[in-house]
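Notes follow once the structure below has been shown.
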Amino acid sequence: MVLMGACRRQPPAADSCLSTAQANALPQALEYCNSVVRAHPRDPRPLNDRFLLHTLLQNTPAACADIRRAAALLKEQPGSVKDDLQDEVQVRLESCL
């Protein structure tokens, strides 16, 4: 019984969306990033990363939806993330206007 618990998969890290991304495999990178977003629904970092993947795949509506959600999460969690992330999300959000 103890071994069964040890075999459980750990959820992907919130900042791992782009860790395996390759230019020639963007759909697979997006699929992985989707799992990261699902594992961390209240964290703006994977949404910020998925914005980039959607943009590279030329899916602007999905990219903008993600960055709007990331911006909303940042507003709900002031002081919990680095200023760099806030600045990056703001710049990306402005590209969606």
Side-chain angles (χ1 to χ4, degrees):
M1 291 289 202
V2 174
L3 292 176
M4 290 177 73
C7 292
R8 285 193 189 143
R9 284 186 143 182
Q10 295 294 320
D15 61 353
S16 69
C17 253
L18 302 176
S19 64
T20 62
Q22 296 180 8
N24 63 345
L26 292 177
Q28 293 84 351
L30 179 60
E31 190 175 309
Y32 174 73
C33 194
N34 289 339
S35 70
V36 176
V37 170
R38 282 191 302 274
H40 303 279
R42 307 284 305 145
D43 193 321
R45 293 174 296 173
L47 291 164
N48 183 51
D49 290 342
R50 193 167 69 176
F51 167 91
L52 178 60
L53 292 171
H54 280 306
T55 300
L56 292 172
L57 289 165
Q58 300 180 357
N59 188 348
T60 302
C64 289
D66 278 349
I67 209 64
R68 285 184 190 106
R69 180 70 182 132
L73 288 170
L74 284 171
K75 284 184 181 180
E76 292 173 8
Q77 305 165 11
S80 64
V81 293
K82 294 182 180 179
D83 288 338
D84 291 347
L85 178 60
Q86 290 177 328
D87 292 343
E88 191 172 318
V89 167
Q90 186 59 42
V91 167
R92 289 177 174 184
L93 185 60
E94 288 171 6
S95 75
C96 290
L97 300 177

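Below, all heavy atoms of this structure are taken into account, side chains as well, without hydrogens, waters or symmetry copies.
Within the model, atoms CZ of R69 and SG of C64 stand 16.0 Å from one another, a figure rounded to the nearest 0.5 Å. The line from CG of L93 to CG of D66 is 12.0 Å long, rounded to the nearest 0.5 Å. Taken to the nearest 0.5 Å, the CD1 atom of I67 stands 12.5 Å off from the OG1 atom of T60. L26 CG to N59 CG: the interatomic distance, rounded to the nearest 0.5 Å, is 12.5 Å. With rounding to the nearest 0.5 Å, the separation of CG in L47 from CG in L52 is 13.0 Å.
Taking each heavy atom of R42 and L73 in turn, the nearest pair found is NH1-CD2, 3.5 Å. Of all non-hydrogen atoms in A70 and N48, the two that sit nearest each other are CB-N, 4.4 Å. Across all non-hydrogen atoms, the minimal contact from L53 to A21 is CD2-CB, 4.5 Å. Looking at every heavy atom in both residues, L74 comes nearest to P44 through CD2-CG, 3.7 Å.
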Going through the checks in order, is the side-chain contact (heavy atoms from CB on, under 4.5 Å) test met by Q22 and Q28?
-> CA-CA 9 Å; Q22 296 180 8; Q28 293 84 351; over 6 Å; no
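Each of Q86, E88, E94 was scored for a side-chain hydrogen bond (donor to acceptor under 3.5 Å, both in side chains) with Q90, with one residue passing: E94.
Atom CD of E76 has more than 12 heavy atoms from other residues, nucleotides or ligands within 6.0 Å.
Using a 4.5 Å cut-off between side-chain heavy atoms of Ile, Leu, Val, Met, Phe, Trp and Tyr, with links allowed through other members, F51 and L85 fall into the same hydrophobic cluster.
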What pairs of donor and acceptor atoms, side-chain ones from residues 11-19 against any protein atom, are under 3.5 angstrom apart with sequence neighbours left out?
residue	atom	partner	partner atom	Å
S16	OG	A13	O	2.7
S16	OG	Y32	OH	2.8
S19	OG	S16	O	2.7

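Hydrophobic clustering, defined by side-chain heavy atoms of Ile, Leu, Val, Met, Phe, Trp and Tyr closer than 4.5 Å, leaves L97 isolated from every other such residue.
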